[in-house]
Each structure stands twice: as C-alpha cells, then as structure tokens.
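This report concerns only the one structure given below.
Here is how names work: the chains are called A, B, and so on, in the same order as the sequence lines, proteins then strands, and each is numbered from 1.
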Protein chains: 2
Amino acid sequence: MSNHDALKQYDSSLFRTPDGYTSDIAVFTILSSKLGDFKPPLMTLMVMLIKRSKLNAEGLPNIEAGKWALPGGFVQPDESAFEAAKRELEEETGVSSIHIKHYNVYDKPGRDPRGWIISNAHYAIVPEHALEKRKANDDADDVKLFSIDDVLTLDLAFDHRQIIEDAIKVIKHDLLHTTIAKSFLPDQFTYSELQAVLKTVTNDSGITSDQAFARKIKSLPFIKEVPGQKTQRTSKTPTQLYQFIDDVNIVKPIYTARY
Amino acid sequence: MSNHDALKQYDSSLFRTPDGYTSDIAVFTILSSKLGDFKPPLMTLMVMLIKRSKLNAEGLPNIEAGKWALPGGFVQPDESAFEAAKRELEEETGVSSIHIKHYNVYDKPGRDPRGWIISNAHYAIVPEHALEKRKANDDADDVKLFSIDDVLTLDLAFDHRQIIEDAIKVIKHDLLHTTIAKSFLPDQFTYSELQAVLKTVTNDSGITSDQAFARKIKSLPFIKEVPGQKTQRTSKTPTQLYQFIDDVNIVKPIYTARY
DNA sequence: TCAATAGTGTCTTTAAGACAGTATCCG
DNA sequence: CGGATACTGTCTTAAAGACACTATTGA
C-alpha cells in the first residue's frame, strides 16, 4: 500500500488536537544612559512587555486583561513559530534581521485558561533606537520596558513569569558564552562598551576590572582590533576600536578549561 | 468585565488549530565493546531508531511505513511533551529517572504529510543494559541501534534526518560542556572510562592524551577522587575511582577563558 | 593642572604541554 | 619478565592576577 493510500486513511479526528499554537517573544534591549561626554555608558538590560487590553481586536473581552505579558500571538498554519516571531517583531518594532532564538516550549496542561495552547518561546535582541517607535496595538493598552529585576515584581499573564525567568537565565548565559553581545553593540566598539554590556549580567572580576579586561580583549580569538580606528566617545583619550570576527566561536570543553 | 466572562466569549474555532502535537525522542546510548580483561573499553555513541510498520495499531496503513524514525508519539492533552517523552521511554525501555532534555521544536509547514503537526524533540541518555529489552511494538516492525555516523545514511521518515542531525550536534556539545557524561558511566569510574566516553565526540588532545587527562581529572572542580577506592576492571594496575560532584557545573565565560 | 579614561610594565603564581621515566600487576 | 595500563617528575612556556605606573586629552 502506498504512502498516498495511507494518507487517505489518516483521520486526525481520532486524536484530540491542541487548541492553539502561539509564538511568544522576550524582547531584550540595553538602555544606555549616557552619563556625559567622554564617559563610558551605564547600561541596563531591559525586557519589553505589553499590557493586555480589556477588549481584543474583535471587540470581545480579552483574556488576562490588564496584566503584563510577553508580545506574541497565534502561529499561522503556513509559517513556523520562528517566522511568526520574526513577523510580529517586525510589525512591532520595524526591525528585521535581528537576533532571535528559540529557547523553550511551554505546554503544561492548564497553563492557558482558553484551552490546550502550546507556546513556543523565543528571545530577541533589538537595539535601543528600534524600540522608540514601539506602540500599543489592538491587543495591547501599553508597551513598556522593564529592567530584568523589576519585571519579576509585576502581575504577569498566564505562565509568563516562568517564561520570562527562563529567558533571563538564557540570555545571561548566552551573553557570557556566545558572541551575542555583538547584537547590543555597534559594529565597532571600545573595550569599555563591550565591558558595559557584559557587566549587565556578571560581576566576574576578569570582566569588571578595567585593566584586566583591556588586556584580555586583545587576545580573544573572536575579536580583532580595527587598525588605526579610534574614537573619543567614551573618553578624552582616543580609544582603540574592536570588532567581532564572524564564525569564530571557540568554547573550551569543561574538561580542558582552566579553573 | 471579569476574566470568567472573557473566557466564555472565547471561541477557539476562530483560529485554525494544529492537527497534532508529538513528542519525539532521540535515545542515545554508548555501546561499550569490552576488549578483554584489564582493558579500558572501546566506546561508540549510538542512537536508537524504530522501523515504522506497514499497519498502525488500528490495522490501517501507516504513514511513512518501512522507513526508520525516531520513537515518539502524540502528546495527550493532560500531559506535557516532556512527560510524554518520559512515559514513552519508560514503556519502551522500562527505565525511568534518566536524562531527558528538550532541545528544539520542528514546525515547518509541510513537514508531516498528515497535516499541521508540531514535533517537540528531546534527547535522552539510557544505559546500554536498559536497551537489551528493547522491543518492537504495534507501530514498529523493528528497533535498532545505529552509530551516529551510520544513522545519517538511512532512509528516514518525515524530517527526522534534520531532527537527528540536530540531536547529535546538541549531545556532542553537551557532553563536552556539561556533566552529562555521568549519565553514560557508573557512579564511580576511572579516568580512562570517562575519557572513552568523551572520545566518542572529540579529538581534543587534552582529552585524548592519557597523561594529560589523568593529570587533569584530579583538578576538575566538578569531579572528586573517591578516597581509597580502586578497581582493576580497566588494567592490572589498581586504578583510582572518581565521582561527579553534584551541583558543581562551572563554565567559564568565553571572555575570561584561556585560549 | 586636574580629573577621568585608557592603557602599559613587571612581578608572582598557576597551570598547560611535552617528554621521559616509574609503578603495578597478571599471565 | 614482558606487556599493558596508570600514573609521576621535571622542564618550558603561556597566561592570569595584582599593583603600580604612564599616556592622553578637554575643561
């Protein structure tokens, strides 16, 4: 019997099927408080949430109205959750080609009072300026940035507290163990700008010590000096600019690392 | 308007919903070819696949019949995909309390000819002896172990080639960057046994060199010597046994590691 | 000249890497 | 006592960590 015949026999009504498949996105940005001319920035890692509106797009009462939640929405049958995340983020911020990554799935029975709804969770990194145009839409009364400390004190919709906690854990890890820090920085950056990004998630003395980090950055295999390029945006002293090298991402096995 | 009223208004038929939600599991084990008494083992990393049967449990023609596929099945509405993976693995192998981890979701439109079916993929590690009792069931004609090299030469069902490739990439990474190697080993093990596990996925000289690795294991913060415990199962010389220390899992940031 | 940022000089300590050598035991 | 596995001794080299010091510039 052919595959085609088998297909004709298949009847999905034999199974109970999910009531929905959503793509949620934890959108991270770093707010860079300019402390003045010739100063390195003070950086704070922020996550963007929406406030769910009283009525939905159809004018019907909305579920979990008034609570803060991750942006996201139902995945369409002709797209993947990743594509849905990309689409929604572009609608929201106007930015495409940014870092988006799946990090977990949330499917615990009862997690959504509307039924059996599976959430595919992503995190995204967008530059600060892209969020200036952020806007409330049909589903949201408000859109706001919260620091990763403040966000967990809010009244959050569904199981979004768990989803956000996990996102924060993942981005903290990825910032220190991959080169995604580059998504928060201009193409060319000073050692103190990279350091400011990393200091949003770590107190490691090898990173927080200026001398140590200024030395270390020269020997990192995935970062190179841009010869002759200097800037004065962080200090009066003209300062060397660096760049991430693409496709170099060495992580030492824990069995050969130094401790 | 209350949350309860909002819920009454909600009608999931407004959306097209998925036709199914499955949990698939890449089951890994290490075949340990005993080369003889007083020898360290030769280890090979294997993945378990099933051969899809001609007819399904209801006696109807099965989809993708005759092809090799990952074990798995439809998630029930009262369980999470992780629980489904656990349940199916216990049905199949009789083993509970083993390492299972979600690593990706597969939801590309058209990936399953039966409709819009979302696969939540996990990998699992089971000890070799647990797979002795492996058996074909209603859905499977055969169950077999393949080396991670051989497996990609097979005719695989659905998009399982991609899912298996990803699983192999993830387990290779996790073996070197987390302490999951412990799932392949007895509680107490010699340096050469741990080395044999790691050699299934790396050629790093710090791991393949006997002297280097025998020295290094003493200074790893997540492994401790078991004082006075020796074995002769790998050599005539009584050999020191080691243990993983729980809850120690240091990974150095790439910005402070040595290169 | 001061204050602030960006470095460099240099010493100590630690560990990686290479290579040779020793230890233990069974058959 | 031969062969195989499990180590240890020792030298060289590289880099981390700490601390003091210099360099550059605008106000």
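- For B:K252 and D:dA15, the NZ to P distance is 14 Å, given to the nearest whole Å.
- Looking at heavy-atom distances under 4.0 Å, A:T234 makes contact with sugar-phosphate atoms alone, never a base.
- Relative ring orientation between B:F244 and B:F189 is described as tilted, the plane-to-plane angle lying within the 30° to 60° band.
- Among the heavy atoms of the strands lying under 4.0 Å from B:K218 are primed sugar atoms or P, OP1, OP2 only; no base atom is included.
- Look at CZ on B:F213: it is 18 Å from C1' on C:dA18, rounded to the nearest Å.
- Between the side chains of B:Y106 and B:D24, not a single donor N or O lies within less than 3.5 Å of an accepting N or O.
- Residue A:Y259 places no side-chain N or O under 4.0 Å from the OP1 or OP2 atom of C:dA15.
- Spacing between atom CG of B:D210 and atom C1' of C:dA20 amounts to 15 Å, rounded to whole angstrom units.
- Regarding B:Q195, its CD atom lies at a distance of 11 Å from the P atom of D:dT5, rounded to whole Å.
- Each of A:K236 and A:R215 lies near DNA chain C, and the nucleotide nearest A:K236 is the one positioned closer to the 5' end.
- Between B:E83 and B:R87 there is no salt bridge, since none of the side-chain N atoms of the basic residue sits less than 4.0 Å from a carboxylate O of the acidic one.
- Among the heavy atoms of the strands lying under 4.0 Å from B:S235 are primed sugar atoms or P, OP1, OP2 only; no base atom is included.
- One interatomic measurement links the two molecules: CD of B:E193 to P of D:dT5, which rounds to 13 Å at whole-angstrom precision.
- For B:S192 and D:dA6, the shortest distance from a side-chain N or O to OP1 or OP2 is below 4.0 Å.
- In this structure, B:Y191 places its OH atom 11 Å from C1' of D:dA4, rounding to the nearest Å.
- Residue A:I163 holds its CD1 atom at 11.5 Å from CD1 of A:I25, rounded to the nearest 0.5 Å.
- Here C:dA18 presents its C1' atom at 9 Å from CD of B:Q211, a figure rounded to the nearest Å.
- Summarising the geometry, the separation between CD on B:Q240 and C1' on D:dA6 is reported as 11 Å, rounded to the nearest angstrom.
- In this structure, B:K216 does not reach the C:dA15 phosphate: none of its side-chain N or O atoms is under 4.0 Å from OP1 or OP2.
- Put simply, B:S209 has no side-chain N or O that comes within less than 4.0 Å of OP1 or OP2 on C:dG17.
- Counting only N and O atoms by type, the side chains of B:Y103 and B:D174 include no donor and acceptor under 3.5 Å apart.
- Where A:S219 and B:K230 each meet DNA chain D at their nearest nucleotide, the meeting point lying more 5' is that of B:K230.
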